[in-house]
2 protein chains.
Amino acid sequence: MSVTRIPEAQEYILHWGEMGSHWGVNRSVSQIHALLYLSDRPLHAEEICESLSLARSNVSTALKELQGYNIVRRTHVVGDRRDHFVAELDLWDMFMAIVAERKRREIDPIIARLGELSERMAGREEIPGHVRQRIGRMHEFISTLTGWYLQVRGLKKSTLIALMKLGSKVARFVPGSSTPNN
Amino acid sequence: MSVTRIPEAQEYILHWGEMGSHWGVNRSVSQIHALLYLSDRPLHAEEICESLSLARSNVSTALKELQGYNIVRRTHVVGDRRDHFVAELDLWDMFMAIVAERKRREIDPIIARLGELSERMAGREEIPGHVRQRIGRMHEFISTLTGWYLQVRGLKKSTLIALMKLGSKVARFVPGSSTPNN
DNA sequence: CATTTATTTCTGTAATTTCCGAAATTAATA
DNA sequence: TATTAATTTCGGAAATTACAGAAATAAATG
């Protein structure tokens, strides 16, 4: 019996689906994720179809997508040869997995593209300086942010959580940042 | 004369528009932003229409949206009573403005919703414990992340940049995180 | 105050994306 | 290897979203 019978779980699933679509994630994909997240046992595709009234094929595609994000994985249930699926339950790991995949899909190609553009424009006097500069700056900016992310991502989970709990207190360790605000 | 004549600028604009649509931002909106970012002078709506071959109405809506994000602002040019528009050129400020607005629109409502749900389920024995727990944990997780963001956001820009340049070295200030990796 | 010009709102259409159902493929058991 | 069941792929229908053009509103100048 599925969590779908619980009105609050239903709401959660619908809301999660809604949210996904505002961040470029297919609604079915995020709904299925929400369902698996709330389920206390592995579900097979058929069950997901029924619970969310989605087409079998749709569920198949969505599950592949979720596995691509590394936030859902296949398992097997004894005496049942169908694939079953469970969601990552550690929210920190889930979050990091999503960020990593979005970076790979969305950010890395942008950096590559901006890099090409910058290089292609370098030294060409017929192109206004401000255009070259601004595209260059954008490239630099995104690269810097991404570099920071890569470094921080390499830290232990516990360290990261400790840093987060520190909040704005981290500023104490930056020389010459005595005034608290902008 | 518009930057649109430069093939590299064109590419930048198209690519930027493409990217926007992967993050839940209307293509016209992000294209217009890219155009203004590359322009060295304020543009009026009509110019934008021509440069990007968009309908006047479309441009109007998009400009309102960009102003809502606080990354484009109106200006006036002497001897011309039309509104002109310029983009925020400081990429850090731009980034922070976008994050702030997306938080307001997308994250805050989620937190509110999850809070309601958690509260509504509290103590109701007929709802499985794991469902209550997991929705509760999600609420807590997103709230924590957001809390951290709010704190960090309050720091001086220079401090933030200094922290970023520190990269993974910030871990030094966390007690007992001597081992470098997960 | 009338006229011109800029801007926004509204509505129908076009384009894109999502999703279903059928067909094809793959895997598992006997 | 044949048979059955599970899964994936594919093409088109349905729904959503973006967009253009017209109409309405607002602002500015003479």
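From a predicted model like this one, the values you see are computed outputs, not experimental measurements.
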What donor-acceptor contacts under 3.5 angstrom involve side-chain atoms of residues 112-119 of chain A, with partners at least two apart or in another chain?
{"unit_1": "A:Arg113", "atom_1": "NH1", "unit_2": "B:Glu11", "atom_2": "OE1", "d": "3.2"}
{"unit_1": "A:Ser118", "atom_1": "OG", "unit_2": "A:Leu114", "atom_2": "O", "d": "3.1"}

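- Applying the side-chain hydrogen bond (donor to acceptor under 3.5 Å, both in side chains) test to A:Asp40 and every residue at least two apart in sequence or in another chain returns nothing.
- The separation between B:Glu50 atom CD and D:dA20 atom P is 14 Å, rounded to whole Å.
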Identify all pairs in which a protein N or O lies below 3.5 Å from an N or O of nucleotides 24-29 of chain C, and state each distance.
none

Exercise for the section: Spell out protein contact along nucleotides 17-23 of chain C as letters: B when the base is contacted, S when just the sugar-phosphate is, - when no protein heavy atom is under 4.0 Å; keep the 5' to 3' order. Expected result: -SSBB--
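- Taken over five-pair windows at either terminus, the axes of the helix from C:dC1-D:dG30 to C:dA30-D:dT1 are inclined to one another by 30° (rounded to 10 degrees).
- Contacts of B:Thr75 classified as side-chain hydrogen bond (donor to acceptor under 3.5 Å, both in side chains), with partners at least two apart in sequence or in another chain: none.
- Contact check, B:Lys64 against C:dT7: no side-chain N or O comes under 4.0 Å of OP1 or OP2.
- Under the side-chain hydrogen bond (donor to acceptor under 3.5 Å, both in side chains) criterion, A:Glu101 pairs with A:Arg104, A:Arg105, not counting sequence neighbours.
- Judged as a side-chain hydrogen bond (donor to acceptor under 3.5 Å, both in side chains), and not counting sequence neighbours, B:Arg132 has no contacts.
- C:dT5 atom P lies 18 Å from atom CD of B:Glu47, rounded to whole Å.
- Put simply, CG on B:Asp83 is 12 Å from C1' on D:dA28, counting in whole angstrom units.
- With sequence neighbours left out, A:Arg134 forms a salt bridge (charged side-chain N to carboxylate O under 4.0 Å, His left out) with no residue at all.
- We find that CG of B:Asp80 is positioned 11 Å from C1' of C:dT5, with the value rounded to whole Å.
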Would you mind writing out the side-chain donor-acceptor pairs for residues 55-62 of chain A within the sub-3.5 Å range, not counting sequence neighbours?
{"unit_1": "A:Asn58", "atom_1": "ND2", "unit_2": "A:Ser28", "atom_2": "OG", "d": "3.3"}
{"unit_1": "A:Thr61", "atom_1": "OG1", "unit_2": "A:Ser57", "atom_2": "O", "d": "3.0"}

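- Residue A:Arg74 contributes atom CZ, which lies 15 Å from atom P of D:dA6 at whole-angstrom precision.
- Not counting sequence neighbours, the partners of B:Lys103 by the salt bridge (charged side-chain N to carboxylate O under 4.0 Å, His left out) test are B:Asp108.
- Between the side chains of B:Glu47 and B:His44, at least one donor-acceptor pair of N or O atoms lies under 3.5 Å.
- Rounded to whole Å, atom P of C:dT16 lies 13 Å from atom NE2 of B:His22.
- In this structure, B:Leu52 places its CG atom 11 Å from P of D:dC19, rounding to the nearest Å.
- Scored by the salt bridge (charged side-chain N to carboxylate O under 4.0 Å, His left out) test, B:Glu8 finds A:Arg120, A:Arg124 as partners (sequence neighbours excluded).
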